[in-house]
Amino acid sequence: MERLLKFLFEYRAFFTFLFLELFSAWLVVENNQYQSTAYFNTSNQIAATIISTSQTIREYFSLKDINSDLAVENSRLRKKLSQQDQILLARELSLFGDSTIINRFDFTSAKVVNNSTRYYKNFITINRGKKDGIHAGMAAISQWGAVGKVKSVSEHYAVLISLLNIDEQVSSVIKRTGHFGTVQWDGTEPRFIDLKYIPRHVELKLGDTVVTSGYNSVFPEGIVIGTISSFKLNEEAQFHSIKVALSQDFGKLSFVEIVRSNLKIEKDSLEQKIIGDPK
């Protein structure tokens with residue numbers, strides 16, 4: 001306290017001068033309309049800039065919560081859209097009262113906590129597990145398209161086998177023509193995947209959209225995989241060689257939605273029964 005008083009005493013002339021300057025400026029502003037208007041306009045602009053900057057900083061630090069909320073909302077909207085599609089299908093098949101058909105798929109949002117794109121067999125780790133109802137075999141999609149399939153699950157985490165995995169195959173269909181085949185990565189470029197088993201008589205076009213067929217009950221029908229970026233047909237080949245540009249950039253994957261097919265067990269059980277029947 002003594003040092004503070006000593007400091008104020010030593011610089012009393014400076015502080016007196018500063019006080020008189022501020023007091024004079026206040027008198028000028030208070031007694032002159034032009035200076036008063038200019039002062040308040042300037043101060044308001046500065047205050048607005050400070051408030052805007054402060055709000056931007058707060059929004060930046062809240063991005064994590066905002067992204068999580070958006071992921072949950074996307075899951076809710078996607079389920080609602082899926083239900084609307086199934087309602088239309090049920091109406092066509094006179095199954096409007098069948099809630100199982102209408103609620104065929106459930107969606108759970110999850111954050112990607114680990115991801116790789118540089119190996120032949122790439123995997124993705126998410127922050128959802130058994131406690132969230134996640135099981136092996138479920139599909140994973142994003143707002144841009146198909147991502148992969150759940151491989152293994154712990155209590156709080158799950159590992160997905162990525163589309164960028166040479167062992168992963170997904171039944172697909174060319175949306176414009178209706179011809180179906182299989183997409184499988186060749187282990188080279190992470191932005192492209194191969195579409196196989198499209199017969200040579202099919203007339204392809206660059207930019208044709210490739211979507212999931214829904215045949216395996218894992219992925220809902222119509223989930224975008226990508227667009228045809230190039231194709232060629234060798235002279236004696238039975239099928240086209242097709243490259244598909246993936247709609248999802250796996251290097252920017254942050255959130256996914258896990259798709260639970262409520263009819264998969266029933267479908268797989270029936271097909272297995274028929275396949276296993278010697279007749």
Side-chain angles (χ1 to χ4, degrees), residues 74 77-78 81-82 84-86 88-89 104-105 107 112 115-124 137-151 160-259 261:
N74 283 340
L77 292 175
R78 191 180 291 276
L81 181 60
S82 175
Q84 292 296 326
D85 291 340
Q86 298 305 321
L88 293 176
L89 176 63
R104 182 178 178 184
F105 296 104
F107 300 88
V112 174
N115 182 22
S116 63
T117 60
R118 63 183 184 274
Y119 305 114
Y120 289 112
K121 298 181 180 181
N122 294 291
F123 296 91
I124 302 165
M138 292 181 177
I141 62 177
S142 71
Q143 62 175 326
W144 302 111
V147 171
K149 184 172 61 179
V150 177
K151 177 69 173 178
L160 317 178
I161 181 170
S162 170
L163 283 186
L164 301 183
N165 189 306
I166 60 175
D167 293 334
E168 178 67 358
Q169 300 182 38
V170 177
S171 178
S172 311
V173 62
I174 301 175
K175 191 174 183 179
R176 180 180 61 84
T177 67
H179 291 88
F180 65 90
T182 300
V183 293
Q184 185 175 20
W185 192 47
D186 64 359
T188 56
E189 298 180 81
R191 289 307 308 273
F192 298 93
I193 197 168
D194 293 336
L195 175 59
K196 301 180 176 180
Y197 313 125
I198 301 298
R200 64 179 296 121
H201 70 271
V202 179
E203 295 184 4
L204 302 175
K205 293 183 179 180
L206 294 178
D208 274 345
T209 301
V210 179
V211 300
T212 56
S213 67
Y215 289 170
N216 58 7
S217 297
V218 176
F219 287 93
E221 181 181 356
I223 301 298
V224 176
I225 295 175
T227 56
I228 294 178
S229 61
S230 65
F231 59 88
K232 64 179 180 179
L233 183 62
N234 296 328
E235 186 175 349
E236 298 182 356
Q238 296 183 0
F239 306 106
H240 290 275
S241 296
I242 305 172
K243 286 288 184 182
V244 175
L246 290 167
S247 57
Q248 172 63 58
D249 184 348
F250 281 76
K252 298 180 179 179
L253 189 62
S254 298
F255 288 89
V256 298
E257 293 177 32
I258 305 302
V259 185
S261 174

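Remember, predicted model here, so these are calculated numbers, not experimental data. Every heavy atom of this structure was used, including side-chain atoms; hydrogens, water molecules and symmetry mates were not.
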Tightest non-hydrogen contact, residues Ile161 and Lys151, listed as N-CB, 4.1 Å
Does Arg191 come within less than 4.0 Å of Asp249, counting only side-chain N to carboxylate O? yes
Do His201 and His179 have side-chain heavy atoms sitting under 4.5 Å apart? yes
Would you please say whether a donor-acceptor pair under 3.5 Å links the side chains of Thr117 and Asn122? no
Looking at Leu164 and Pro190, what are the two nearest heavy atoms and their distance? CD2-O, 3.5 Å
CD1 of Ile193 to CD of Gln184: how many Å apart, nearest 0.5 Å? 8.0 Å
Taking atom NZ of Lys175 as the centre, does the number of heavy atoms from other residues, nucleotides or ligands within less than 6.0 Å exceed 12? no
Working to the nearest 0.5 Å, report the span between OG of Ser172 and CD1 of Ile242. 10.5 Å
Closest heavy-atom pair and its distance - Lys205, Ile228: O-CB, 4.0 Å
Take Leu206 and Phe231 through the test side chain to side chain contact (heavy atoms under 4.5 Å, CB included) and record every step on the way to the result. CA-CA 8 Å; Leu206 294 178; Phe231 59 88; 3.9 Å; yes
Between Asp186 and Lys196, does any side-chain N to carboxylate O distance fall below 4.0 Å? no
Residue Phe180 excluded, over 12 heavy atoms near CZ under 6.0 Å: no
Does Gln238 reach the main-chain N or O of Arg200 with its side chain, forming a donor-acceptor pair under 3.5 Å? no
Of the non-hydrogen atoms in Val202 and His240, which two are nearest, and what is the gap between them? O-NE2, 3.0 Å
Hey, which of Thr227, Val224, Ile223 is the one that makes side-chain contact (heavy atoms from CB on, under 4.5 Å) with Ser247? Val224
What I'd like to find out is whether the side chain of Phe250 reaches to under 4.5 Å of the side chain of Ile124, using heavy atoms alone. yes
OG/Ser142 to NZ/Lys252 distance, rounded to the nearest 0.5 angstrom? 12.5 Å
Go through the structure and list residues passing ring-ring contact (aromatic ring centres under 6.0 Å, His included) with Phe123, not counting sequence neighbours. none
With respect to Ile141, which candidate in Thr212, Ile258, Val259, Val256 satisfies the side-chain contact (heavy atoms from CB on, under 4.5 Å) definition? Val259
Closest non-hydrogen atom pair between Pro220 and Phe105, with its separation: CA-CZ, 3.7 Å
What are the two closest non-hydrogen atoms of Trp185 and Tyr120, and how far apart are they? CZ3-O, 3.5 Å
With side chains defined as the heavy atoms from C-beta onward, is the minimum distance between Asp194 and Lys243 less than 4.5 Å? yes
Sub-4.5 Å side-chain heavy-atom contact between Leu195 and Ile174: yes
Reported CD-to-CD distance for the pair Gln143 and Gln248, which is rounded to 0.5 angstrom: 7.5 Å
Could you state the interatomic distance from CG (Leu204) to CD1 (Ile198), rounded to the nearest 0.5 Å? 7.0 Å
